[in-house]
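Heads up, the thing below is written out as structure tokens.
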Amino acid sequence: MIVILYIAALIAAIAFLILCISIGRTLFSLKNILNSIAGTAAGIEKQMEGITRETTSLLEKTNTLADDIADKSEKLNTVVDAVKNIGTSVNGLNNSINKISTTISTEVEKNEEKIAQVVQWGNVAIELADKWKQRKTTK
């Protein structure tokens with residue numbers, strides 16, 4: 001009976017040894033996996049630093065570009081205001097020309113008979129001048 005107890009203890013010791021070897025192999029495999037994960041994490045960390053630098057550079061360039069666009073927009077607003085003022089001036093000039101044209105048309109209509117008479121007298125004067133020249137050349 002004592003022999004059975006020793007055999008049972010021996011079997012228990014062998015089982016414990018197999019258990020320890022299995023746990024050790026599992027832990028070594030887990031160690032390799034964790035080392036691989038740590039390497040991957042370090043690589044990701046370096047990539048993130050690069051991405052952070054690039055993002056910072058891009059933000060600086062974007063801010064510079066936004067400031068430049070704001071300056072140019074402000075200058076363009078000045079040009080637009082100047083063009084608007086020119087348009088207003090041209091409209092005023094057009095209104096003045098329209099008023100003058102209307103006034104001239106009205107005056108021409110009022111003095112139509114006088115103008116016709118002046119034209120007739122002018123034609124008579126031209127005819128007399130032509131006849132006068134013809135007389136001088138015939139003498």
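Atoms considered below: every heavy atom in the structure, side chains included; atoms not considered: hydrogens, waters and symmetry mates. Residue indices begin at 1 and follow the sequence shown.
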Once rounded to the nearest 0.5 Å, what's the spacing between atom CG of Asn95 and atom NZ of Lys99?
6.5 Å

Interatomic distance, Ile14 atom CD1 to Leu19 atom CG [nearest 0.5 angstrom]
13.5 Å

Side chain Thr64, main chain Glu60, donor-acceptor under 3.5 Å:
yes

Please determine whether residues Phe16 and Ile7 belong to a single hydrophobic cluster, defined as Ile, Leu, Val, Met, Phe, Trp and Tyr linked transitively by side-chain heavy-atom distances below 4.5 Å.
no

When rounded to the nearest 0.5 angstrom, what distance separates CG in Leu93 from CG in Asn98?
9.5 Å

I'd like a table of donor-acceptor pairs (distance under 3.5 Å, sequence neighbours excluded) in which one partner is a side-chain atom from residues 66-74, with atom names and distances.
from  : atom 1 : to    : atom 2 : distance (Å)
Asp68 : OD2    : Lys72 : NZ     : 3.3

Interatomic distance, CG@Asn35 vs OG1@Thr40, rounded to 0.5 Å, equals 10.5 Å

Point-to-point distance, once rounded to the nearest 0.5 Å, from CD1 of Ile51 to CE of Met48:
5.5 Å

Within this structure, what is the CD1-OG1 distance for the pair Ile33 and Thr26, rounded to the nearest 0.5 Å?
10.0 Å

With sequence neighbours excluded, residues passing salt bridge (charged side-chain N to carboxylate O under 4.0 Å, His left out) with Lys110
Glu107

Pairs involving residues 39-49, ordered by first then second residue, that meet salt bridge (charged side-chain N to carboxylate O under 4.0 Å, His left out) (sequence neighbours left out):
none

Tyr6 and side chain to side chain contact (heavy atoms under 4.5 Å, CB included): which single residue from Ile4, Leu10, Ile2 fits?
Ile2

Please identify which of these residues, Thr103, Ile104, Ile97, meets the side chain to side chain contact (heavy atoms under 4.5 Å, CB included) condition with Ile100.
Ile104

